[in-house]
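Since the model is a prediction, treat every value here as computed from it, not as a measurement.
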Amino acid sequence: MALSSNPILNEIKQQMGHHSAILVGFSGGVDSTVLLQGLVRLRDEYQLPLELTAIYVHHGLNAKADDWLKHCEQFCQQWNVAFISERVQVESKSAGIESGAREARYQAYRKHLQPQQVLVTAQHQDDQAETFFLALKRGSGPAGLSSMPAKMPFEHSYLLRPLLNITRKQVEDYANQQNLHWIEDDSNQDDRYDRNFLRLHIMPLLTQRWDHFSQAVTRSAALCGEQEALLDELLDSELNLLMDKQNSVDIDALAMCSTIKRNALLRRWFAYLNKAMPSREQILRLWEEVALAKEGAEPRLRFIEDEVRRYKKRLYLIPIINEPIDKVIEWSLPQPLVLPEALGVLIVHSAVAQGQEMVIRAPYNTEKVTVRFGLTQPSLRIVGRELPRHSKKIWQELGIAPWRRTRIPLIYFNDTLIAAVNTFVTLEGKATLEQNIIIEWQETYQ
């Protein structure tokens, strides 16, 4: 049978392009079952060189989830597809179960996505229409209404949605024609969830009135996406001028923009940093409560797991962490040291290294090396300063933002402060030609 005569297989092939190493989000439902079986057919019947891996994410929200996992594993064994399962914890307090489950699911995808692989998921045209309406309910602008793109950057690769031009009816008809067996999630009938309410009650009425309603909504979403892409092109160079190496943005430059342009730049700042898009109200609060706060204040505004802070007329978007000021960590040199709160890794070198690493003296055999956080010494003498200075003054002179001061690793030999990594070295830690090591800090974030 010619590939062009099968709309689903043809669409999957066209959307996959040149990609061959594929991680498939596989729940066992009809949509992902059709997607995975379609990829298998392209591999086996049409001899496409596809390397397929399926991943099932166990959310722990349904008593049948263990059975669903077994179903998915057996399906993959039958079709000769590598299989991964991942159990996750769903955080639902801030944005609800639906959002929490989605975030946990995509975190699992990020964890298992290998180099050269692309992630492929099974959202179809009706899902796109529902997503459009959910964005409309939230009062979203063109960025939100553009809904789900068929291809988008994801982690170090891409996320592909090859069924976005295929309707739910086409998916179900194909599954029945192929005699496929799939999971029916009983929670899909619970209309307390917004997406289920749309799917069960609203979309059928609209489709009954207008046959091609989902197709028209998808076209509108695509047009919104094109508008956003154009704005990205027009504003990209200006955003780059606003940002520094720490990805903070210049408040004075933003203040010279119109409100509309400033809001657009701030939204693109969030997108550049791969953060959830803020609402219009949040953007207004960010500007009024943080950017325009009184001189000397240390304002902050929380956005899910991050917060916007201000320092020296610049805005910073930083992760919220449990400050590690009470931690004392022994470091067995020369082994690398993983820092708490995802602050990164410390590595020691015995020879000259490249980059921003710092040189200190090597510890004596009698000295225990520890890493601590949060300066407690009232007065310090550091290399490059003739006179002792208060620790707060040193931070200020070096331009270290207040929240960074408790996140910078401090190196101690016994109880003597040797250095604040990548920031300063004390006189007690000054290296000599005969005795030195290099400390490299591979930061997770700034």
Side-chain angles (χ1 to χ4, degrees), residues 88 90-96 98-111 113 119 131 134-135 138-149 151-159 224-225 228-229 231-233 235-236 238-251 253-254 257 260-291 299-311 314-322 341-344 401 403-404 407 443-446:
V88 297
V90 175
E91 173 56 57
S92 61
K93 292 182 180 179
S94 58
E98 287 178 286
S99 178
R102 182 186 184 280
E103 180 60 30
R105 186 162 59 252
Y106 279 85
Q107 286 294 346
Y109 295 159
R110 290 185 180 92
K111 175 181 176 181
L113 188 66
L119 173 64
T131 300
L134 291 171
R138 292 191 298 268
S140 300
L145 295 175
S146 62
S147 304
M148 300 178 289
K151 182 176 183 178
M152 62 178 286
F154 182 81
E155 197 66 4
H156 52 75
S157 182
Y158 291 97
L159 165 59
C224 288
E228 282 299 293
L231 286 173
D232 284 339
E233 281 189 33
L235 294 176
D236 184 61
E238 194 155 349
L239 178 62
N240 287 335
L241 291 174
L242 290 174
M243 292 196 303
D244 62 8
K245 292 181 180 180
Q246 292 184 312
N247 294 324
S248 71
V249 290
D250 187 326
I251 292 174
L254 284 169
C257 299
I260 293 173
K261 184 176 181 180
R262 182 173 65 241
N263 292 349
L265 285 166
L266 288 170
R267 284 194 293 268
R268 275 151 185 80
W269 180 47
F270 273 74
Y272 178 84
L273 298 175
N274 295 315
K275 303 301 181 182
M277 191 61 60
S279 67
R280 183 172 181 273
E281 180 185 0
Q282 288 174 319
I283 288 288
L284 293 176
R285 289 188 60 196
L286 185 163
W287 186 250
E288 293 173 0
E289 298 177 17
V290 182
R300 62 178 71 182
L301 183 62
R302 180 165 185 158
F303 292 84
I304 308 178
E305 296 178 347
D306 303 277
E307 62 184 0
V308 173
R309 303 283 293 266
R310 187 189 69 181
Y311 181 64
R314 301 193 70 86
L315 294 174
Y316 294 79
L317 184 59
I318 60 170
I320 298 170
I321 67 170
N322 295 317
E341 303 300 333
L343 289 172
W403 61 88
R404 289 274 292 164
R407 302 182 183 194
E443 293 188 69
T444 304
Y445 47 68
Q446 298 294 320

Check your understanding: Taking atom CD1 of Ile260 as the centre, does the number of heavy atoms from other residues, nucleotides or ligands within less than 6.0 Å exceed 12?
Key -> no
Exercise for review: Please say whether more than 12 non-hydrogen atoms of neighbouring residues, nucleotides or ligands are located less than 6.0 Å from CD in Gln107.
Suggested key: yes
Taking side-chain hydrogen bond (donor to acceptor under 3.5 Å, both in side chains) as the definition, give me every residue that meets it alongside [X], ordered by chain and number, with sequence neighbours left out.
X: Arg105; result: His59
X: Thr131; result: Arg195
X: Glu155; result: none

Going from [atom1] on [X] to [atom2] on [Y], what distance comes out if it is rounded to the nearest 0.5 angstrom?
X: Asp306; Y: Leu317; atom1: CG; atom2: CG; result: 5.0 Å
X: Leu343; Y: Glu443; atom1: CG; atom2: CD; result: 8.0 Å
X: Lys111; Y: Leu113; atom1: NZ; atom2: CG; result: 13.5 Å
X: Leu242; Y: Cys257; atom1: CG; atom2: SG; result: 6.5 Å
X: Leu239; Y: Arg267; atom1: CG; atom2: CZ; result: 12.5 Å
X: Leu159; Y: Lys151; atom1: CG; atom2: NZ; result: 11.0 Å

Point to revise | For Pro142 against Glu228, the heavy-atom pair lying closest together | key: CB-OE2, 3.5 Å
Check your understanding: Between Asp244 and Ser248, what is the shortest heavy-atom contact and its length?
Key -> OD2-OG, 2.7 Å
Check whether any side-chain heavy atom of [X] sits under 4.5 Å from a side-chain heavy atom of [Y], and report yes or no.
X: Ile251; Y: Trp287; result: yes
X: Leu286; Y: Pro278; result: no
X: Arg404; Y: Gln246; result: yes
X: Val249; Y: Leu265; result: no
X: Leu254; Y: Leu266; result: yes
X: Met243; Y: Tyr272; result: yes
X: Trp403; Y: Ile321; result: no
X: Ile318; Y: Glu307; result: yes

Check your understanding: Just one of Leu231, Asn263, Leu273, Asp236 clears the side chain to side chain contact (heavy atoms under 4.5 Å, CB included) bar with Arg268, so which one?
Key -> Leu231
Practice item. Under the side chain to side chain contact (heavy atoms under 4.5 Å, CB included) rule, what do Lys275 and Phe303 come out as? Steps first, then yes or no, please. Key: CA-CA 9 Å; Lys275 303 301 181 182; Phe303 292 84; over 6 Å; no
Point to revise | Stepwise ring-ring contact (aromatic ring centres under 6.0 Å, His included) test for Phe154 and Tyr109 | key: CA-CA 10 Å; Phe154 182 81; Tyr109 295 159; 7.2 Å; no
Review point. Sub-3.5 Å donor-acceptor pair from the side chain of Trp269 to the main-chain atoms of Asn247, do we have one?
Key: yes
Point to revise | Check: Glu281 main-chain N/O paired with Arg285 side-chain donor or acceptor under 3.5 Å | key: no
**Study point:** side chain to side chain contact (heavy atoms under 4.5 Å, CB included) evaluation trace for Arg262 with Ile283
**Key:** CA-CA 9 Å; Arg262 182 173 65 241; Ile283 288 288; over 6 Å; no
Point to revise | Lys NZ or Arg CZ of Arg110 over Tyr106 ring: under 6.0 Å, within 45° | key: no
Review point. Looking at Glu289 and Arg310, does any basic side-chain N land under 4.0 Å from a carboxylate oxygen?
Key: no
**Study point:** Mutual orientation of the aromatic rings belonging to Tyr316 and Tyr311 [parallel < 30°, tilted 30-60°, perpendicular > 60°]
**Key:** tilted
